[in-house]
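First up is the structure itself, then whatever we jot down about it.
The structure presented is a predicted model; accordingly, all values stated were derived computationally and were not measured. Remember, it's 1-based here, ligands and their atoms both numbered in the order they're listed.
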Amino acid sequence: MTTNPSEAGVLHPADAELFRLFSPEGQRDPFPSYARLRALAPVHVSEALGGAFVTGYDAACAVLSGEKFGTVGAEWFDKNQPGWRDSPLLVSVFSSLAGANSPDHTRLRRLVARAFNVRQIEQVRPYTAQLTEQALDAMAERAASGEAPDIPSQLALPVTMGTIARLVGVPPEDLGPFDTWIRKAGVVFEMSVPPEVLAEADAAYTHVLDYFTALVAERRKSPGDDLLSALIAVRDADGDRLGAQELVDLLAFVFGSGFETTAGLIGNTVVTLASHPDQMAALRSILSTSPDKLGPVIDELGRFDGSVQATRRMALEDVEVGGVTIPAGTATIVFLGGANRDPARFPDPDRLDLHRTDARPLNMGLGVHYCLGAALARLEMEEVLRRLYRRHPSLRLADTPVRTPGLQLYRYESIPVVLN
Ligand code: HEM
C-alpha cells in the first residue's frame, strides 16, 4: 500500500482525505475525516492506496456480513506479502479466528463458544469487581500522595488484564511481560509493517506462544476451572475437538484481544464523560435509579468513541456495495467509527446521548466475526462504570490526556485525573 502522497500523482479528493486520516494528526481525531470521506464516497475504491475504504453504516454492514467478503488471511498474504509464512505472529493469528473463513471459522467458533459461554464469563464478575476496588484504592493512595492518578495504567489495564488472565487461567504472577508482548504484536493488523517492526513483534509473540504451549501441557496434567481447561476438554456433537496448535493459537489470540480493547474503551469513556458534564450527570442518574440497565449506555459510549476504529476484509469476487464495485482480491477497510457516526443511521451522530436507544453500533463488529468477548467487555465496563463513578461522581481530567496514534486500537496512553 502506498503511504506517500507524492507517489500517488494527482489525488482524488477522497484519497487526499485518506492520507490526512492516516497522518498522526488525523489518527488522533479521525471523526472530521470520516465525515468528509462519507460525504465524498461512503464506499471508495482507491488506486492510490490500493484498497477500498468504507465509512457509511449500511455499506459497513454489507461488507462485514456479506458472504462475498472473507478475512484478509492466507490468500491475501500469499499474493501481497510473500514470506509471511516465516512470521510466527502472522501465521498464528491468521490461522486462528481472525484469518479463518467458513467452514474452518464456523468449526473453530462453535468449539470456542462451547467453552467461552455466559456461565463461564459471569463467574469472573466478583473477581473483576474486586480488581476494580483494588485499583480504585491504589488511585486514591496516589491522589493522597499529591500525584494525579492515571486511568490506563492504574485502572483500565489492571482490571481488564487481570480479568482475562483469571478467565483463561493465567496466574497473576505470570502477567508481568504480557502487556509489552501483546502491544508489540498489535502491529499484526496494520496493512503494511516494516520488516524490523515485524521481527520485533514476532519475537514478542513467540514468547506468548511458548508460554501458552507450556501452560496447555501443565493443564493437561492437572485441569482447573478455567477457559484453558474447558478448551482442552471441549468436543462438539460430532466428537470434533481442537488440535494442539489450534488450541495454543486460539488461547494466545483470545488473551491478546482481551484486554487492550476494553482498557481502551474505559479510557475513552473517562475522557468523553469529562468533556460532557450533562452526560456525566445522566450517567449518575442512571447509576442511582437503574444500575442494572447499563447496556444502552455502554453501546452509546462504544458508538461515540470506540476503541477499535477499523477492521478489514477481502472481496472474494467482484462485489457491488452501495453502487460501487469492489474488485475481487481488494483489501477493504471498514471504518467502524465512521459507520458509527453516519447521520443516515444515527440522528445527530456527533452528539453523545446516553439515553439513545437502539444504537446497535459496529464497534464490536458484525456478522460471523462479531466480537467473541463482547459479553466480557460489557461485564468489565459495568463493574468499572458503577464503581468508578459512584466513588468519584465528579471525576475530571487533571491534564490533557495523551492519545496513542493508531486506528485499529484507538486509545489513550495516559489520562491523569482528579478524583473528587
Ligand atoms: C471494548 C472492547 C472490545 C472491542 C471494541 C472489540 C472489538 C472487536 C471487533 C470490532 C471484532 C471484529 C473484528 C472483525 O470483524 O474483523 C472483534 C473480534 C474479536 N474479539 Fe473483540 N473487542 C473487545 C473486547 C474483546 C475481549 C474482552 C475479548 C476476549 C475474549 C475479545 C476477543 C475477540 C476475538 C477472539 C475476536 C475474533 C472473533 C472472530 O473472528 O470470530 N474482544 N472484537
*List every atom of ligand 1 that sits less than 4.0 Å from any heavy atom of Arg109, numbering the atoms from 1 in the order shown and giving each element.*
38 (C), 39 (C), 41 (O)
*Taking the six-membered ring for Trp, are Phe255 and Phe212 ring centroids under 6.0 Å apart?*
yes
_Closest approach of Arg38 to Thr55 (non-hydrogen atoms, all atoms of both residues)_ = NE-O, 3.1 Å
_Atoms of ligand 1, numbered as shown, that sit under 4.0 Å from any heavy atom of Asn363_ = 5 (C), 7 (C), 10 (C)
*Which of the atoms in ligand 1, numbered in the order shown and given with their element, are less than 4.0 Å from a heavy-atom of Leu336?*
10 (C)
*For ligand 1, is any non-hydrogen atom under 4.0 Å from Ser257's backbone (N, CA, C, O), its side chain (CB onward), both, or neither?*
both
_Could you tell me, atom by atom, which parts of ligand 1 come under 4.0 Å of a heavy atom of Phe253?_
35 (C), 37 (C)
*Closest non-hydrogen protein atom to atom 16 (O) of ligand 1, residue and atom name please, with distance?*
Thr311 OG1, 2.6 Å
_Atoms of ligand 1, numbered as shown, that sit under 4.0 Å from any heavy atom of Val254_ = 29 (C), 30 (C)
*Specify the protein heavy atom at minimum distance from atom 30 (C) of ligand 1: its residue, its atom name, and the distance to 0.1 Å.*
Phe116 CZ, 3.4 Å
*Taking only heavy atoms of Thr262, which atoms of ligand 1 are found under 4.0 Å from at least one of them?*
1 (C), 2 (C), 24 (C), 27 (C)
*Identity and separation of the nearest protein heavy atom to atom 34 (C) of ligand 1*: Leu372 CB, 3.8 Å
*Taking NZ, NE, NH1 and NH2 as the nitrogens, is one of them in Arg403 or Asp305 under 4.0 Å from a carboxylate oxygen of the other?*
yes
*asked:* So if I count the atoms of ligand 1 from 1 in the order they appear, which ones are less than 4.0 Å from some heavy atom of Gly365?
replied: 10 (C)
_Ion pair check, Arg219 and Asp226, cut-off under 4.0 Å_ = yes
*Give the residue, atom name and distance (to 0.1 Å) of the protein heavy atom nearest atom 29 (C) of ligand 1.*
Gly258 CA, 3.4 Å
_atom 3 (C) of ligand 1 - nearest protein heavy atom and its distance_ = Thr261 CB, 3.5 Å
_Taking the basic N atoms (NZ, or NE/NH1/NH2) and the acidic carboxylate oxygens, is any pair closer than 4.0 Å for Asp240 and Arg107?_
yes
*May I ask you to decide whether Arg85 forms a salt bridge with Asp78, counting only side-chain N to carboxylate O separations under 4.0 Å?*
yes
_N-O pairing of Glu413 and Arg183 below 4.0 Å_ = yes
*Considering only heavy atoms, does Phe259 approach ligand 1 within less than 4.0 Å through its side chain, its backbone, both, or neither?*
neither
*Using a strict 4.0 Å cut-off to heavy atoms of Val368, name the atoms of ligand 1 that fall inside it.*
41 (O)
*What protein heavy atom sits nearest atom 1 (C) of ligand 1, and how far off is it?*
Met364 CE, 3.5 Å
_Please confirm whether Gly306 approaches ligand 1 to less than 4.0 Å, judged on its heavy atoms._
no
_At under 4.0 Å between heavy atoms, is it the side chain or the backbone of Leu265 that contacts ligand 1, or both, or neither?_
side chain
*Below 4.0 angstrom, N of the basic side chain to O of the carboxylate: do Glu133 and Arg391 qualify?*
yes
*Charged N to carboxylate O below 4.0 Å: is that the case for Asp104 and Arg109?*
no
*If you measure from each non-hydrogen atom of Leu362 to ligand 1, which part falls under 4.0 Å: side chain, backbone, both or neither?*
neither
*Within 45° of the axis and under 6.0 Å from the centre of the six-membered ring of Phe31, does NZ or CZ of Arg341 qualify?*
yes
*Electrostatic pair Asp348-Arg351, nearest N-O below 4.0 angstrom*: yes
*Check if Arg313 has a non-hydrogen atom at a distance under 4.0 Å from any atom of ligand 1.*
yes
*Could you walk me through whether Phe259 and Phe178 pass the ring-ring contact (aromatic ring centres under 6.0 Å, His included) test, one step at a time?*
CA-CA 11 Å; Phe259 59 95; Phe178 267 98; 8.0 Å; no
*What protein heavy atom is closest to atom 42 (N) of ligand 1, reported as residue, atom name and distance in Å?*
Cys371 SG, 3.0 Å
*Quick one: look up the protein heavy atom nearest atom 12 (C) of ligand 1 and list residue, atom name and how far away it is.*
His369 O, 3.4 Å
_Under a 4.0 Å threshold between the charged nitrogen and the carboxylate oxygen, would Arg386 count as salt-bridged to Glu383?_
yes
